[in-house]
Protein chains: 2
Amino acid sequence: MELYLERGFGQTTVAQIAERAGVTERTFFRYFTDKREMLFDGSERLQQLMVDAVAGSPADATPLDSIGTALDAVGSVFVDLTRSRTRQVIIDSDESLQERELIKRDRLATAITGALRDRGVEEPVASLAAQTGIGVFHVAFASWIAPGNTLGYAEIARNLLAELRIVTNGS
Amino acid sequence: MELYLERGFGQTTVAQIAERAGVTERTFFRYFTDKREMLFDGSERLQQLMVDAVAGSPADATPLDSIGTALDAVGSVFVDLTRSRTRQVIIDSDESLQERELIKRDRLATAITGALRDRGVEEPVASLAAQTGIGVFHVAFASWIAPGNTLGYAEIARNLLAELRIVTNGS
DNA sequence: AGCACCGATGTCAGCTGCTGTCATCACGTA
DNA sequence: TACGTGATGACAGCAGCTGACATCGGTGCT
């Protein structure tokens, strides 16, 4: 991330990263499938947390309730505000990184859809709830790292979900 | 597309494509920014059509009405069913192509948001309507190329939008 | 006709991302 | 000590992509 900030993502070579990390280029590619993936390291963990939260939500919870527990569950991941901000600056500066971010979000939504379906939620409600949930998640994250914000991620997510409930009026 | 089907996208080299097309590799890269972009050739046109449709929709149209005209406007693009199907088979077979497709959809949504805002639609309604519109567009396209479907794209899109209106109940 | 211009294409060299393969090395265990 | 085993290095090589320059065919002007 230091290097990406100094020279930009596109101008940074894997050889440089490897050198700074004190390993070989070959070793870098054993840890990350490609140059971009490095910036999305925690994404499987994030996905697992949300899926587990949905799976573990109360039996009588509505789909949107389940989404709520998932949004809560990932609070532990988003703690280092500065790091998240720099990371986002880098991603926003490079189109191929945005592509990667979008597919991560997409996979996340698909995984949550599956978790909801496993609880007996039918289509298209499962997909709809999952998509909406990821949408809220995204907006919450963006608000959290927005300049001037002082609230914590969990709080923001809860507020947004409450607002969404009002807009959609129930359920 | 022939080559992609024969050997798969990943196994097809640009040199092979260029040869089949009777040009040089260098020439290929003058027409397409990269190997993937070839499959998304008409996307600017599609985007322009939708943006223009939104811009040209009646002054008293609701945001969702404007989206409706945009969905209608692109009917002319989706005519060759067989071609669209093969194209989608290829995209679904390769992750990097899915990344590209996702960012195209994202840019499309952003463009439509802008078009709505130009008509005086405020945030967050503009974004919400645009996102929803692209969602409908996507589902409509998927239904259109689904095996066994006999309806035309325009018809499907209209039906889906009508259904959405019912679900969201008005506006 | 002759000439100058220009856009499209070819040629070539080169960097970088990424991969397969084999060697090496450190470490825990029988 | 000898033997696996997992992590790393070394090396070669392919493919995507780019910059720089040459070439060539057409178009318009004189």
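Throughout, protein chains are lettered first and strands after them, A, B, ... in sequence-line order, and every chain is numbered starting at 1.
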Between A/Thr27 and D/dG9, does any side-chain N or O lie under 4.0 Å from OP1 or OP2? yes

In whole angstroms, how far is the P atom of D/dA15 from the CG atom of B/Leu3? 14 Å

Can we say B/Glu163 and B/Arg158 salt-bridge, meaning some charged N sits less than 4.0 Å from an Asp/Glu carboxylate O? no

Centroid separation under 6.0 Å, is that true for the rings of A/Phe78 and A/Phe141? yes

Short side-chain N/O contact from B/Tyr31 to OP1 or OP2 of C/dA8, under 4.0 Å: no

Rounded to whole Å, please give me the gap between CE in A/Met38 and P in C/dG17. 10 Å

Whole Å only: how far is the CG atom of B/Asp34 from the P atom of C/dT16? 19 Å

Residues B/Arg100 and B/Asp34 bridged, charged N to O under 4.0 Å: yes

Separation of D/dT18 P from A/Gln11 CD (nearest whole Å): 12 Å

Between B/Glu99 and A/Arg36 (salt bridge meaning N to carboxylate O under 4.0 Å), is one present in this structure? yes

Side chain of B/Thr13 (C-beta onward), nearest among D/dG16, C/dG10, D/dA7: D/dG16

B/Ser96 near the nucleic acid: base, sugar-phosphate alone, or nothing, with a heavy-atom cut-off under 4.0 Å? nothing

Please confirm whether any donor atom in the side chain of B/Arg30 sits under 3.5 Å from an acceptor in the base of C/dG10, or the reverse. yes

To the nearest angstrom, the CD-P distance between B/Gln16 and D/dC14 comes to 14 Å

B/Glu19 CD - C/dG10 P separation (whole Å): 13 Å

Comparing B/Arg26 with A/Glu25, nearest DNA chain C nucleotide closer to 5' gives the residue B/Arg26

Answer yes or no: is there a donor N or O on one side and an acceptor on the other, between the side chain of A/Arg119 and the main chain of A/Pro63, under 3.5 Å? no

Nearest whole angstrom, please: distance from the C1' of D/dA15 to the CZ of B/Phe28. 13 Å

What is the distance, rounded to the nearest whole Å, between atom NZ of A/Lys35 and atom P of C/dT19? 14 Å

Pairwise 5' ranking along DNA chain C for B/Val23 and A/Phe9, keeping only the more 5' one: B/Val23

